[in-house]
Student: 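Let me begin by handing over the structure; questions about it come next.
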Amino acid sequence: MIKKELSTQWRMRRATEEEWHHAEIPGTVYTDLLRNGGMQDPFWKDNEDAACALMNEDYEYECRFAPEGELLSSRKKILRFEGLDTLAAVYLNGSLLGETCNMHRTWEYEITDLLREKENILRVVFHSPLKFIARAYKKYGNIGNEDTYEGFMHLRKAHYMFGWDWGAHLPDAGIFRKVYILGIQEGKIDGVYIRQKHEEGKVTLYFEAEASQGEILERRWTAAVSSPQGERYSTELGNDGRGELIIENPRLWWPNGLGEQPLYEAEVVLESGGEICDVWKKKIGLRTMTVRREKDQWGESFAHEVNGVCFFAMGADYIPEDHLLGRRSKERTRKLLEDCRLANFNTIRVWGGGFYPDDWFFDLCDELGLVVWQDFMFACSVYELTEEFEANIRQEFIDNIKRIRHHACLGLWCGNNEMEMFVEERFWVTKYSEVRDYLFMYERILPEILKKYDPETFYWPASPSSGEKDDPVLYR
């Protein structure tokens, strides 16, 4: 597979203006406006209000590019956005490819018949999130966290951007992750799931690989794992992408303070007709990880357990490091997480009012021995589970579960932040359907998807939670 990043030749403007300005991708509207003198520092005095008002308008991004060599000769071309925040209309050479409605998803569009040999024009128009949530609030009337703008829960956008008790009202927008054109000859790897079985002196890895985007008539899968010392183990998988591999004398991964964090490199290769179609390569840790729940004299225990050893979780919530996502970086995140390690943290909880962190966050947690409690991105509200909203969040779950699940640091998935107790207390509830939809989302939809895509990782409905409540009568 050929992969071309579109990171240069971008420009942006306010949709109502003619003048264009330089844009940096990945980036955001606010960071581009700041760089070009189009706004004041939003954290100085009361500049927040003026900065927020800017998002009542639409903004347009444009990139001109020419594809090269092997990319042009590929049988299929895909345009891939790894992060669009949030309401965007995507055009290539004047044709509308689609409209996005979720910053937590990956968006792909086939452009085989639209891609030109010479100059191509890619346009992304971002629509106002403030106008969207105002319309949604008027239509549905759901309520939530009193520090945010009304209607925030209807848009799959980081909730903190609409205000929180710790942060400003700065609903940024933009292409905040990388953009690629993929050239696919026969197919590409859509995902790899690795299960682990630990026995005395060995670990058996069970591979489940999937392919998509192609008509692969002759398919061959191979898998290999390299140890930190350079030992290499390999095997051929079945045509269905399934197979197993035994690692002798494994070096186990441990949280900070309990042991070392050796990482193995796993590689899965998809071939067709003797040619390599795609390669999936990630770092993994050999460990078991769950939450031990046992009846005791007080009720029931709830303890993190790694490699059969229970440990006391020590750490803190991880909220977005900056309201302006265009200013985040791997170097900045590394400094923060290294400080956490030095402070004897062994756990980091990714808070549900932000966004699913970048790959580098999980890579660093793997390296530093920080177990991740990963919330799904729901916080301090109730939601209107329309058919459209359900389809949207289902794909959001799949995208992020498949992206994150291989990491050694992933300790558990959690449904939401602080919503179970507020629903039980009817704190934000205005109609019974909101209670029903809460149960559907966190007791049915999420467990169903996790059972398919990551059954090995522990799931907990909410933070805090008293456990599963699958009987709606409890909420009447």
Student: Say whether, by atom type as modelled, one donor and one acceptor occur between the side chain of T28 and the main chain of T31 under 3.5 angstrom.
Tutor: yes
Student: Given 3.5 Å as the limit, does a donor-acceptor pair link the side chain of R328 with the main chain of L325, or not?
Tutor: yes
Student: Any chance CD of Q229 has more than 12 other-residue heavy atoms, nucleotides or ligands included, within less than 6.0 Å?
Tutor: yes
Student: What distance do L6 atom CG and T8 atom OG1 have between them, rounded to the nearest 0.5 Å?
Tutor: 8.0 Å
Student: Looking only at non-hydrogen atoms, find the nearest pair between S74 and K77 and report the distance.
Tutor: O-NZ, 2.8 Å
Student: If I compare all heavy atoms of N102 with all of W107, which pair ends up nearest, and what's the gap?
Tutor: O-NE1, 3.0 Å
Student: Compute the centroid of each ring, for Y453 and then for Y193, and state whether the two points are separated by less than 6.0 Å.
Tutor: no
Student: Name the one of K76, R75, R219 that satisfies salt bridge (charged side-chain N to carboxylate O under 4.0 Å, His left out) with E186?
Tutor: R75
Student: Could you grab the distance from atom NE2 of H22 to atom CE of M12, nearest 0.5 Å is fine?
Tutor: 11.0 Å
Student: Can you tell me how the ring of Y438 sits relative to the ring of Y442, calling it parallel under 30°, perpendicular over 60° and tilted otherwise?
Tutor: tilted
Student: Taking everything shown except K178 itself, do over 12 heavy atoms lie less than 6.0 Å from its NZ?
Tutor: no
Student: Rounded to the nearest 0.5 Å, how far does CZ of F302 lie from CZ of R293?
Tutor: 7.0 Å
Student: Considering residues, nucleotides and ligands other than E275, do more than 12 of their heavy atoms fall under 6.0 Å from its CD?
Tutor: no
Student: I'd like to know whether CD of Q9 has more than 12 heavy-atom contacts from other residues, nucleotides or ligands below 6.0 angstrom.
Tutor: no
Student: State whether the side chain of D358 and the backbone N or O of W360 hold a donor-acceptor pair below 3.5 Å, judged by distance alone.
Tutor: no
Student: Are any of the side-chain nitrogens in R11 or E62 under 4.0 Å away from the carboxylate oxygens of its partner?
Tutor: yes
Student: E110 and T112: side-chain donor and acceptor closer than 3.5 Å?
Tutor: yes
Student: With rounding to the nearest 0.5 angstrom, report the CZ to CG distance, R405 to L450.
Tutor: 10.5 Å
Student: Scan W460, F376, W373, Y459 and name whichever one has a ring-ring contact (aromatic ring centres under 6.0 Å, His included) with W413.
Tutor: F376
Student: Assess whether atom CD of E119 is packed by more than 12 heavy atoms of other residues, nucleotides or ligands within 6.0 Å.
Tutor: yes
Student: Would you say N93's side chain and I121's backbone share a donor-acceptor pair under 3.5 angstrom?
Tutor: yes
Student: Decide if atom CD of E199 counts as having more than 12 heavy atoms of other residues, nucleotides or ligands within a radius under 6.0 Å.
Tutor: yes
Student: Would you mind checking if K283 and D366 are paired as a salt bridge, meaning a charged N to carboxylate O distance below 4.0 Å?
Tutor: no
Student: Compare every heavy atom of M377 with every heavy atom of R156, then report the nearest pair and how far apart it is.
Tutor: NH2-O, 2.7 Å
Student: Using the rule given for side-chain contact (heavy atoms from CB on, under 4.5 Å), can you reason through L412 versus V371, listing the C-alpha separation, both sets of side-chain angles and the distance that settles it, and then say yes or no?
Tutor: CA-CA 9 Å; L412 65 83; V371 173; over 6 Å; no
Student: Would R195 and E208 pass as an ion pair if we require N to O under 4.0 Å?
Tutor: yes
Student: Nearest heavy-atom pair of L368 and E338: which atoms, and what distance?
Tutor: CD1-N, 3.9 Å
Student: Could you tell me if the side chain of R403 sits less than 4.5 Å from the side chain of D359, heavy atoms only?
Tutor: yes
Student: Would you please indicate if the ring centroids of W351 and Y160 are separated by under 6.0 Å?
Tutor: no
Student: Determine whether a donor-acceptor pair (N or O, by modelled atom type, separation under 3.5 Å) exists between the side chain of K282 and the backbone of H407.
Tutor: no
Student: Assess, by modelled atom type and distance only, whether the side chains of D399 and Q395 contain a donor and an acceptor separated by less than 3.5 Å.
Tutor: yes
Student: Considering only NZ, NE, NH1 and NH2 on the basic side and carboxylate oxygens on the acidic side, decide whether R232 and E267 come within less than 4.0 Å.
Tutor: yes
Student: Could you walk me through whether R80 and E82 pass the salt bridge (charged side-chain N to carboxylate O under 4.0 Å, His left out) check?
Tutor: CA-CA 6 Å; R80 176 184 175 92; E82 296 192 339; 3.2 Å; yes
Student: Does M103 offer a backbone N or O that forms a donor-acceptor pair with the side chain of D85 under 3.5 Å?
Tutor: no
Student: So, does D278 use its side chain to make a donor-acceptor pair with the main chain of M1 at under 3.5 Å?
Tutor: no
Student: Ignoring hydrogens and geometry beyond distance, is a side-chain donor-acceptor pair present between S465 and E420 at under 3.5 Å?
Tutor: yes
Student: So do the side chains of N417 and F378 get within less than 4.5 Å of each other, counting heavy atoms only?
Tutor: no
Student: Out of curiosity, W254 CH2 to Q261 CD, how far, rounded to the nearest 0.5 Å?
Tutor: 11.0 Å
Student: Is it true that E448 and K452 have a side-chain N and a carboxylate O under 4.0 angstrom from each other?
Tutor: no
Student: Kindly give the heavy-atom pair with the smallest separation between N307 and R287, and that separation in Å.
Tutor: OD1-CA, 3.1 Å
Student: Are the side chains of L72 and P67 in contact, using a 4.5 Å heavy-atom criterion?
Tutor: yes
Student: Is the shortest side-chain N to carboxylate O distance from K335 to E321 below 4.0 Å?
Tutor: no
Student: Check whether D322 reaches the backbone of L324 with its side chain - one donor and one acceptor, N or O, closer than 3.5 Å.
Tutor: yes
Student: Could you tell me which non-hydrogen atom of G308 sits nearest to which non-hydrogen atom of T288, and how far apart they are?
Tutor: N-OG1, 3.8 Å
Student: Looking only at atom types and distance, does a side-chain atom of D437 sit under 3.5 Å from a main-chain N or O of L385, one as donor and one as acceptor?
Tutor: yes
Student: So, R220 and E271, do they make that salt bridge, N to O below 4.0 Å?
Tutor: yes
Student: Which of these passes side chain to side chain contact (heavy atoms under 4.5 Å, CB included) with F126: L87, D58, L84, T86?
Tutor: L84
Student: Count the heavy atoms belonging to other residues, nucleotides or ligands that lie under 6.0 Å from CD of E70, then report whether that count exceeds 12.
Tutor: no
Student: With rounding to the nearest 0.5 Å, note down the distance linking CZ in F389 to CD1 in I393.
Tutor: 5.0 Å
Student: Indicate yes or no: does D363 engage K330 in a salt bridge with an N to O separation below 4.0 Å.
Tutor: no
Student: If we check side chain to side chain contact (heavy atoms under 4.5 Å, CB included) with I181, which of these qualifies: I111, I78, L92, N120?
Tutor: I111
Student: Before you tell me yes or no, could you show the steps for Y30 and M55 under side-chain contact (heavy atoms from CB on, under 4.5 Å), namely the whole-Å CA-CA distance, both residues' side-chain angles and the distance that decides it to 0.1 Å?
Tutor: CA-CA 9 Å; Y30 281 154; M55 298 316 296; 3.2 Å; yes
Student: Does E60 pair with R13 as a salt bridge, N-O distance under 4.0 Å?
Tutor: yes
Student: If you draw a 6.0 Å radius around CZ in R242, do more than 12 non-hydrogen atoms from other residues or ligands fall strictly inside?
Tutor: no
Student: For D32 and Y61, what are the C-alpha separation, side-chain angles and deciding distance, and is it a side chain to side chain donor-acceptor pair (under 3.5 Å)?
Tutor: CA-CA 11 Å; D32 284 327; Y61 281 75; 2.8 Å; yes
Student: Would you call the rings of H104 and Y356 parallel, tilted or perpendicular, where under 30° means parallel and over 60° means perpendicular?
Tutor: perpendicular
Student: Under the criterion side-chain contact (heavy atoms from CB on, under 4.5 Å), I'd like the reasoning laid out for L205 against Q196: C-alpha separation, chi angles, the key distance, then a yes or no.
Tutor: CA-CA 5 Å; L205 301 179; Q196 303 183 19; 3.6 Å; yes
Student: Look at the side chain of N346 and the backbone N and O of G315, then say whether any donor-acceptor pair between them is shorter than 3.5 Å.
Tutor: no
